Amino acid sequence: MQGIFISMEGPDGSGKSTQITLLKDYLEGLGYETLVTREPGGTVISEHIRTIILNKEYTEMGYMTEALLYAAARAQLVTEVIAPALKAGKAIISDRFIDSSAVYQGMARGLGVDNVYQINSFATQGIMPDITFHLDLPAKVGLARAKGRAALDRMELESTAFHERVAQGYRDLAALDRNRIHTIDATASIEEIHARIVQLMDQYFKSKQD
Ligand code: TMP
């Protein structure tokens with residue numbers, strides 16, 4: 001089997017984890033050995049970097065530092081987990097990847113998408129997801145869900161305006177790459193969202209056979 005790299009993207013509280021669990025079961029049903037990971041995180045080193053990035057005490061963190069730390073966590077994940085898994089023919093589902101940096105740092109922080117891609121092309125060795133699902137929902141809905149779940153981290157504590165730029169940023173980014181990034185209405189039910197993801201996966205596999 002050929003390896004496949006899938007990323008799940010969207011604002012905080014968009015329901016990515018639930019959909020990842022369902023997608024994993026679906027891929028395993030197709031016979032894929034499936035690995036789930038998350039960003040920032042997924043390796044011992046990347047998880048350590050995550051605790052630094054998301055520590056709400058670090059209010060002095062500069063945007064450039066933030067972007068580079070996300071890229072550093074990503075570089076370790078790619079080297080240690082994603083590249084070897086792809087080589088071994090596994091399916092990998094990542095809860096966030098490079099598009100999160102493009103949107104949160106490039107757009108919402110205002111660093112510029114091109115600058116962020118430049119840093120990240122070094123970190124990812126050019127590895128990009130084969131297919132990306134963008135769970136789209138209004139920023140306020142996502143934040144309310146995140147608030148109900150656990151104590152908010154440094155990013156979640158950002159202003160509503162910041163999270164609105166994130167939600168819109170994803171829509172704009174998806175519009176630039178409709179072949180890879182599929183926008184799904186995340187206000188729909190869990191079952192409806194999963195059904196749409198399965199439909200898009202089937203289309204993807206079919207396009208690979210043609
Ligand atoms: P999570 O809560 O979905 O695990 O993600 C952690 C936070 O980090 C979330 O608010 C999104 C943010 N983030 C970025 O700003 N840039 C990135 O490159 C990644 C991967 C996440």
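Owing to the predicted nature of the structure, the values given are computational and were not obtained by experimental measurement. The figures that follow rest on heavy atoms only: side chains count, while hydrogens, waters and symmetry mates do not. Nothing fancy with the numbering, it's 1 onward along the sequence.
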- request: Compute whether any side-chain donor of one residue and acceptor of the other, for S94 and S7, lie under 3.5 angstrom apart.
  value: no
query: Do R154 and N55 touch side chain to side chain, with heavy atoms closer than 4.5 Å?
result: no
query: Among side-chain atoms of E9 and S100, is any donor-acceptor pair under 3.5 angstrom?
result: yes
Closest non-hydrogen atom pair between P138 and T187, with its separation: CD-CG2, 4.0 Å
message: Pair K147, L152 - check side-chain contact (heavy atoms from CB on, under 4.5 Å), show working.
response: CA-CA 6 Å; K147 270 182 195 155; L152 298 185; 3.7 Å; yes
message: Nearest 0.5 Å, please: how far is OG in S14 from CG in D136?
response: 9.0 Å
message: Taking K16's backbone N and O only, do any of them form a donor-acceptor pair with Q19's side chain (distance below 3.5 Å, no angle check)?
response: no
task: Work out which heavy atom in D130 is nearest to a heavy atom in G3; give both atom names and the distance.
output: OD2-O, 4.3 Å
I49 side, atom CD1; T43 side, atom OG1 - distance, nearest 0.5 Å: 7.0 Å
message: Tell me if the centroids of the rings in F5 and F97 come within less than 6.0 Å of each other.
response: yes
field: Backbone N/O of G41 and side chain of R50: donor-acceptor pair under 3.5 Å
entry: no
task: Output the distance between atom NZ (K24) and atom CD1 (I93), rounded to the nearest 0.5 Å.
output: 7.5 Å
Side-chain donor/acceptor pairs under 3.5 Å, residues 112-126, sequence neighbours excluded:
from, atom 1, to, atom 2, distance (Å)
N115, ND2, L111, O, 2.8
N120, OD1, R74, NH1, 2.5
N120, ND2, V116, O, 2.8
S121, OG, Q118, O, 3.1
T124, OG1, N120, O, 2.9
T124, OG1, G126, N, 3.3
Q125, NE2, T79, OG1, 3.2

- prompt: Salt bridge check: are E156 and K56 linked by an N-O gap of less than 4.0 Å?
  reply: no
- request: Using a 4.5 Å cut-off on heavy atoms from C-beta on, say whether the side chain of I131 contacts that of M201.
  value: yes
message: Salt bridge or not between R38 and E47? Use side-chain N to carboxylate O under 4.0 Å.
response: yes
- prompt: Is the shortest heavy-atom distance from the side chain of Q105 to the side chain of L68 under 4.5 Å?
  reply: no
Shortest non-hydrogen contact from F162 toward A108: CE1-CB, 3.4 Å
Beyond-backbone contact of I197 with I193, side-chain heavy atoms, under 4.5 angstrom: yes
- request: Can you measure from CD1 (I181) to OG1 (T132) and round to the nearest 0.5 angstrom?
  value: 5.5 Å
- request: Check which hydrophobic residues are tied to V141 through side-chain heavy-atom contacts below 4.5 Å, counting indirect links as well, and list them.
  value: L137
- request: Check whether L22 and V198 end up in the same hydrophobic cluster, where Ile, Leu, Val, Met, Phe, Trp and Tyr are linked by side-chain heavy atoms less than 4.5 Å apart.
  value: no
- prompt: Atom CD of Q76 and atom CD1 of I45: how far apart are they, to the nearest 0.5 Å?
  reply: 4.0 Å
- prompt: Does the side chain of I92 come within less than 4.5 Å of V81's, by heavy atoms?
  reply: no
task: Begin from the C-alpha positions of T183 and R171 and carry the test side-chain contact (heavy atoms from CB on, under 4.5 Å) through to its verdict.
output: CA-CA 8 Å; T183 299; R171 292 174 199 128; 5.5 Å; no
query: Does some side-chain heavy atom of Y170 sit less than 4.5 Å from a side-chain heavy atom of Y104?
result: yes
statement: Interatomic distance, CG@L23 vs CG@L200, rounded to 0.5 Å, equals 11.0 Å
message: Can you confirm whether K90 sits close enough to T34 that some side-chain heavy atom of one is under 4.5 Å from a side-chain heavy atom of the other?
response: no
Pairing of D99 and R180 as salt bridge, 4.0 angstrom limit: yes
query: Where is the tightest heavy-atom contact between R178 and H182, given as atom of each residue plus distance?
result: O-CE1, 3.8 Å
message: I need the minimum non-hydrogen distance between L27 and A91, along with the two atoms involved.
response: CD1-CB, 4.1 Å
message: Ignoring hydrogens, what is the shortest heavy-atom contact between A73 and S46? Give both atom names and the distance.
response: O-OG, 2.9 Å
task: Could you walk me through whether M61 and I52 pass the side-chain contact (heavy atoms from CB on, under 4.5 Å) test, one step at a time?
output: CA-CA 10 Å; M61 189 181 291; I52 297 172; 4.2 Å; yes
field: Carboxylate-amine/guanidinium contact E158 R165, below 4.0 Å
entry: no
- prompt: Sequence neighbours excluded, which residues qualify as ring-ring contact (aromatic ring centres under 6.0 Å, His included) partners of H163?
  reply: none
query: Quick one: do F133 and I4 end up in the same hydrophobic cluster if we chain Ile, Leu, Val, Met, Phe, Trp and Tyr together by side-chain heavy atoms under 4.5 Å apart?
result: yes
message: Is there a continuous path of hydrophobic side-chain contacts, each under 4.5 Å between heavy atoms, that joins M107 to L69?
response: yes
query: Taking the side chain as C-beta and beyond, is there a heavy-atom pair between D202 and Y204 under 4.5 Å?
result: no
task: Check step by step if side-chain contact (heavy atoms from CB on, under 4.5 Å) holds for D185 and E192.
output: CA-CA 9 Å; D185 176 5; E192 282 168 327; over 6 Å; no
